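Heads up: the structure comes next, in structure tokens.
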There are 2 protein chains.
Amino acid sequence: MRISELSEQSGVSIPTIKFYLREGLLAPGVLVTKTQSAYDETHLRRLRLVRALRDVAGLPIASIADVMAAVDSEAVSLLDLLGVTQVAVSGVSGDTSARGLRLAEEFIAELGWRVATESPLMRSLGRLLEELADRGIPITVAALGPWASAAHSVAAVEVAGITADMPRDQAAEIVAMGTPLFGELLSQLRLAAQESESRRRFGQ
Amino acid sequence: MRISELSEQSGVSIPTIKFYLREGLLAPGVLVTKTQSAYDETHLRRLRLVRALRDVAGLPIASIADVMAAVDSEAVSLLDLLGVTQVAVSGVSGDTSARGLRLAEEFIAELGWRVATESPLMRSLGRLLEELADRGIPITVAALGPWASAAHSVAAVEVAGITADMPRDQAAEIVAMGTPLFGELLSQLRLAAQESESRRRFGQ
DNA sequence: GCCATTGGATAGTGGTGCTATCTTATCAGC
DNA sequence: GCTGATAAGATAGCACCACTATCCAATGGC
């Protein structure tokens, strides 16, 4: 299919597709002649994935590019892909204080979870815990028990959805798409439950 | 205290404080003379809240302004404040198709939750469910059981933290701060649990 | 033969979150 | 009282991001 058709099918304008090609979010089509490339279903799928990550999860283009590169590289294990995706989602940047990092470690240890100390996740979790502590919000494992077990049961379901015998590219796409999109879903459900509970308590 | 002191204590630069004053995120100090205003602890607290909402939750300035206006207005009930805050967090915009809205309604009804049909939340949930459906992800209440019950238990804990007998401004600040910040926390915990589970399954 | 379309390159745009500068007024120390 | 630092208030500018527009040479398809 030509670029105009790809644009129609995906609902993404031609200039935007060209932009995504430049940014490496989308692989170039097969150059048939000097002025025409052929695109296929994979391009269409990729384009839809990119739009979902942008519109729904709100990821910046650069982060999407990182994730897409990891999805496309056979050399990247699923575990590493998950790491790349998590960095994109949590938007970790800057540095975390030693105090925050220690807080995060204690936390994860007390929960009995296995997360690498050097994982970027520990840094963003540390930063968050510290910020909450600074704002005078009591953060203890005991208080967060419901959060933690909720997060864990959700994660277990998600991970169970990926089996070792499925093709890598399929599993990769599920990880890249599921991590941000299910994150949004969980967050939305929490807000809905919040409103429902509030209405039950304070509502008219 | 003078603006320079407020800047030092909060770690926010003077030009940025002036910018926040212009945007209505921060109430003006008491004008002592034509070229000097007095700021107090409430300004410092507010400034820290604004920074937390921006740096940790990533809310845009305009959304923070909406939430702050609701916090400051005695005429806004806690339930309405929660609504305003949820709109800010979920970043609802644009329109949801009738199909998405119907999906969301069926969902909430099947869960036995009480959420107003016209709530902006239903629109953003609808948009999300539709996007996931379009991407070929099977979304049924049965499949989302763990998500929903996790979200519900978390929300119940949160709502329980607000009692009707606490001063309104205190409760308001907890709602405005807790909704986005605990959202981040839950999302981080999910990622950590995800990594922990993956490591258990696929890890070395 | 002719004109819409394409790939490829470069430049411009609109929104957001600050940041810099300028003016006028006042304060604090000498 | 004089002087240099500081303040309020207003306006302009800047950096980044995600596109969007324009241009060009080279086809493609009637």
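What you see below is based on every heavy atom in this structure, not just the backbone, and it leaves out hydrogens, waters and symmetry mates. What you are looking at is a predicted structure, and each value in this text was computed from that prediction instead of being measured. In what follows, chains are A, B, ... by sequence order, proteins preceding strands, each numbered from 1.
Put simply, CZ on B:Phe19 is 14 Å from C1' on D:dG13, counting in whole angstrom units. At whole-Å resolution of the value, CD in A:Glu23 and P in D:dA18 are 9 Å apart. Distance CD1 (A:Ile3) to C1' (C:dT5): 10 Å, rounded to an integer number of Å. Atom C1' of nucleotide D:dC19 and atom NZ of A:Lys18 are separated by 14 Å, given to the nearest angstrom. Rounded to a whole Å, the CD1 atom of A:Ile17 is 15 Å from the C1' atom of C:dG8. Atom pair A:Glu5:CD and C:dT6:P shows a separation of 10 Å (rounding to whole Å applied). Separating the CZ atom of B:Arg22 from the P atom of D:dA10 is a distance of 9 Å, rounded to the nearest angstrom. In this structure, CG of B:Leu53 is placed 15 Å from C1' of C:dG17, rounded to the nearest angstrom.
When distances are taken from the side chain of A:Ser4 to each of D:dA8, D:dT20, C:dT6, the shortest belongs to C:dT6.
Taking only side-chain nitrogens and oxygens, B:Thr16 comes nearer than 4.0 Å to OP1 or OP2 of C:dT19. Look at B:Tyr39 and you won't find any side-chain N or O under 4.0 angstrom from OP1 or OP2 of D:dA7. For the pair B:Thr35 and D:dG9, the criterion of a side-chain N or O lying under 4.0 Å from OP1 or OP2 is not met. Note on B:Arg54: a side-chain N or O is less than 4.0 Å away from OP1 or OP2 of C:dG17. For A:Ser13, no side-chain nitrogen or oxygen approaches OP1 or OP2 of D:dC19 to under 4.0 Å.
At a cut-off of 3.5 angstrom, the base of D:dA25 holds no donor-acceptor pair with the side chain of A:Lys34. Applying the 3.5 Å distance criterion, the base of D:dT27 shares no donor-acceptor pair with the side chain of A:Arg2.
By the side chain to side chain donor-acceptor pair (under 3.5 Å) test, A:Glu197 is found to be paired with B:His152, residues two or more places apart in sequence or in another chain being considered.
Taking 4.0 Å as the cut-off between side-chain N and carboxylate O, A:Arg46 and A:Asp72 count as a salt-bridged pair.
The residue among A:Tyr20 and A:Val32 whose nearest nucleotide of DNA chain D lies closer to the 5′ end is A:Tyr20.
As judged by a 4.0 angstrom heavy-atom cut-off over every strand, A:Pro28 is placed among residues making no nucleic acid contact.
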Inset, instruction - Check step by step if salt bridge (charged side-chain N to carboxylate O under 4.0 Å, His left out) holds for B:Glu131 and B:Arg127. - result: CA-CA 6 Å; B:Glu131 182 72 37; B:Arg127 221 169 82 81; 5.7 Å; no
Legend entry - Trace of the side-chain contact (heavy atoms from CB on, under 4.5 Å) decision for A:Leu181 with A:Leu53: CA-CA 7 Å; A:Leu181 263 39; A:Leu53 260 32; 4.1 Å; yes
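Sparse packing is recorded around CZ of B:Arg45, with 12 or fewer heavy atoms of other residues, nucleotides or ligands lying under 6.0 Å away.
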